[in-house]
Amino acid sequence: MADKKISIDFVPMDSYACGLYRVKNIADVLYGNYNVTISPPGSFHYHNQDYFFTQRAVGTKNMETLLKIKHQTNVKFIIDFDDNVWDELPKYNFTKINHTDNKESMRKYLNELADVIVVTTESLKESLTEFVPATKINVIPNMLPRFKWTFPRIEAPSDVKILYAGSPTHFSNDTHMYGDFTSEWDKFLKDKDMTIMGIKPWFINTDKVYPWTDMTSYAVNFYQIASQCKYVIAPLADNFFNKCKSDLKYLECCAVGRVCLCSDFDDSPYHYAHDLQKIPVKATAKQIEYAFKQCEEHYDEIVKYQYDYLNKRWLEGNIDKYRTIFDKPKVQI
């Protein structure tokens, strides 16, 4: 008789990018190798599965509920963290979290609840060692599923058009804070032909604004909008929250064949980008302009570099990083 397949219930905590990239995409690629089910966001129901694979288990009430499930069953918990949600957020990030309760609950419950922890970056792993042993933490960076992100290569337009497709957590329209931008980025962008996907930052003047789309169609929509532009910008401020973030936006730019202008600093998520496309975090408008002109001169070279980079980060080619978590006796949990 064949061995019984391991059963895994994947439980995202939202229906946005975090839930898609860190939970649902993994479930889709693992389907067939295991008995995979995908539950609605935040919905934990025990049905004799071997594992819950979920994310961002924080907060006293939530963690006590999950511990109760664990104590009453034989289920194991694999918990993914793709952001630091236990330290105070940058002031420009409007996301509402009780970081004090998050940290206290993690200090009290995380080691007992989590059989395995998965994170996107080494910075996240280092930060989580405050709560659990490092041996319990697996670093698996964000990756793109090839079946969603393989697109025909379209030549970039000759005229310079720039796309910004970041969430409003990167700046504050309410308080006019630049956030991950700077006044120098503002100066640089003043005379540029800008397109926005999502919420328009308060300091960018353009009428070309595309609304966010559902994550089920995001990849196609990003490709279609980015194809009309020549560059995508992804500035980040130098803070610990951003050091814990991944290079996901860079991967998306790689997939659509458009050069990404991205910030660089110690432990930046864009550390491995092409040197010519990395913008120093304290760059002046003139320095950003110079880097931009260098990218113009070496555009095809950088696009090729990005495609080569992405070829190492397809989810299907790296899925064994997840299989080793589930396949016993390779890993003792």
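Below, all heavy atoms of this structure are taken into account, side chains as well, without hydrogens, waters or symmetry copies.
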Between Q294 (side chain) and A291 (backbone), is there a donor-acceptor pair under 3.5 Å?
no

Nearest 0.5 angstrom please: E112 CD to K108 NZ, how far?
10.5 Å

Salt bridge flag under 4.0 Å for residues K103 and D87
yes

Measure up the F52 and F44 rings against each other and bin them: parallel (under 30°), tilted (30 to 60°), perpendicular (over 60°).
perpendicular

Under a 3.5 Å cutoff, is there a donor and acceptor pairing between the side chains of Q306 and Q277?
yes

Electrostatic pair K304-D300, nearest N-O below 4.0 angstrom:
no

For the backbone of I204 and the side chain of K200, can you confirm whether one donor and one acceptor N or O come within less than 3.5 Å of each other?
yes

So, the side chain of E301 versus the backbone of E297: is there a donor-acceptor pair under 3.5 Å, distance only?
no

Evaluate whether atom CZ of F240 has more than 12 neighbouring non-hydrogen atoms of other residues, nucleotides or ligands under 6.0 angstrom away.
yes

At their closest point, which heavy atom of G257 faces which heavy atom of V303, and how far apart are they?
O-CG2, 4.0 Å

Mind listing the closest non-hydrogen atom pair of I196 and I199 along with its distance?
CG2-O, 3.7 Å

Taking the six-membered ring where the residue is Trp, are the ring centres of W86 and F81 under 6.0 Å apart?
yes

Decide if atom CG of D308 counts as having more than 12 heavy atoms of other residues, nucleotides or ligands within a radius under 6.0 Å.
yes

Cation-pi geometry met for R153 and Y307 (6.0 Å, 45°)
yes

Do the side chains of V118 and I137 get nearer than 4.5 Å, heavy atoms only?
no

Identify the heavy atoms of L124 and N84 that sit nearest to each other, and give their distance.
CD2-N, 3.7 Å

Is it the case that the side chains of D82 and T120 hold a donor-acceptor pair, with the cut-off being a distance below 3.5 Å and no angle test?
no

Just wondering, are more than 12 heavy atoms of other shown residues or ligands nearer than 6.0 Å to CD in E155?
no

Please walk me through it: do Y164 and M197 pass side-chain contact (heavy atoms from CB on, under 4.5 Å)?
CA-CA 6 Å; Y164 177 66; M197 186 177 180; over 6 Å; no

Under the 3.5 angstrom rule, does the side chain of K24 hit a backbone N or O of P12 as a donor-acceptor pair?
no

Output yes when a side-chain donor or acceptor of Y223 lies under 3.5 Å from a complementary backbone atom of P152, and no otherwise.
yes

Got more than 12 heavy atoms from elsewhere within 6.0 Å of CG, D159?
yes

Would a 4.5 Å heavy-atom cut-off, applied to side chains only, mark K243 and P269 as touching?
no

Side chains of N318 and K321: is there a donor and an acceptor less than 3.5 Å apart?
yes

Can you run down the ring pair (Phe, Tyr, Trp, His ring centres under 6.0 Å) pairs that involve residues 244-263, sequence neighbours left out, and say none if there aren't any?
Y250-Y309

Between CG on residue L128 and CD on residue E126, distance to nearest 0.5 Å
10.5 Å

To check you understand the geometry: which heavy-atom pair defines the closest contact between A57 and N62, and what is its length?
CA-ND2, 4.0 Å

Run through T175, T169, D180 and flag the one making a side-chain hydrogen bond (donor to acceptor under 3.5 Å, both in side chains) with Y92.
D180

Could you check, using the six-membered ring where one of them is a Trp, whether F77 and Y51 have ring centers closer than 6.0 angstrom?
no

Any ion pair linking K293 and E296 (charged N to carboxylate O, less than 4.0 Å)?
no

Does CG in D207 sit with more than 12 non-hydrogen atoms of other residues, nucleotides or ligands closer than 6.0 Å?
no

Are K70 and D115 within salt-bridge range, i.e. N to O under 4.0 Å?
yes

Between T206 and M194, the two heavy atoms sitting closest are OG1-O, 2.7 Å

Side-chain (S263) to main-chain (L236) donor-acceptor, under 3.5 angstrom
yes

Heavy atoms only: give me the nearest K249-A234 pair and the separation to one decimal.
CG-CB, 4.1 Å

Is atom CZ of F147 surrounded by more than 12 heavy atoms (other residues, nucleotides or ligands) closer than 6.0 Å?
yes

Does E289 pair with K286 as a salt bridge, N-O distance under 4.0 Å?
no

Parallel, tilted or perpendicular for Y218 and W212, by the 30°/60° rule?
tilted

Checking ring-ring contact (aromatic ring centres under 6.0 Å, His included) for the pair F94/F171: CA distance, chi angles, key distance, verdict?
CA-CA 9 Å; F94 69 86; F171 52 87; 8.9 Å; no

Looking at side-chain heavy atoms only, is the closest gap between K278 and D275 below 4.5 Å?
yes

May I ask you to check whether F292 and F188 place their ring centres under 6.0 Å from each other?
yes

Which value, rounded to the nearest 0.5 Å, describes the distance between S7 atom OG and N35 atom CG?
4.0 Å

Main-chain N/O of I69 paired with T73 side-chain donor or acceptor, under 3.5 Å:
yes

What do the steps show when you test N93 against T95 for side-chain hydrogen bond (donor to acceptor under 3.5 Å, both in side chains), and what is the final call?
CA-CA 6 Å; N93 189 325; T95 308; 2.6 Å; yes

Would you say Y272 has more than 12 foreign heavy atoms packed within less than 6.0 Å of its OH?
no

Check this for me, if you would: do D247 and R313 make a salt bridge, where the nitrogen-to-carboxylate-oxygen distance has to be below 4.0 angstrom?
yes

Does some side-chain heavy atom of V75 sit less than 4.5 Å from a side-chain heavy atom of Q49?
yes

Please confirm whether K230 makes a cation-pi placement over Y299, using NZ or CZ under 6.0 Å from the six-membered ring centre and within 45° of the ring normal.
yes

So how far is it from L163 CG to Q228 CD, rounded to the nearest 0.5 Å?
9.0 Å

Polar side chain donor-acceptor pair, S39 to D9, under 3.5 angstrom
yes

So how far is it from L315 CG to K148 NZ, rounded to the nearest 0.5 Å?
9.5 Å

Any side-chain to backbone donor/acceptor pair from S217 onto D214? Under 3.5 Å, distance only.
yes

Keeping the roles fixed (side chain from N102, backbone from V85), state whether a donor-acceptor pair exists under 3.5 Å.
yes

Under 6.0 Å from the ring centre and within 45 degrees of the ring axis: does the NZ or CZ of K76 meet both conditions for the six-membered ring of F53?
no

In Å, rounded to the nearest 0.5 Å, how long is the span from CD1 of I162 to CZ of R258?
13.5 Å

Using the six-membered ring wherever Trp is involved, compare the ring planes of Y178 and W202 and label them parallel, tilted or perpendicular (cut-offs 30° and 60°).
tilted

Close side-chain approach of C18 to Q55, heavy-atom, < 4.5 Å
yes

Validation row: S246, P141 side chains within 4.5 angstrom (heavy atoms)
no

Taking only Lys NZ, Arg NE, NH1 and NH2, and the carboxylate oxygens of Asp or Glu, determine whether K208 and D193 approach each other closer than 4.0 Å.
yes

Please determine whether the number of non-hydrogen atoms from other residues, nucleotides or ligands lying under 6.0 Å from atom CG of D320 exceeds 12.
yes

Examine distances only and state if a side-chain atom of K245 and a backbone atom of D83 form a donor-acceptor pair shorter than 3.5 Å.
no

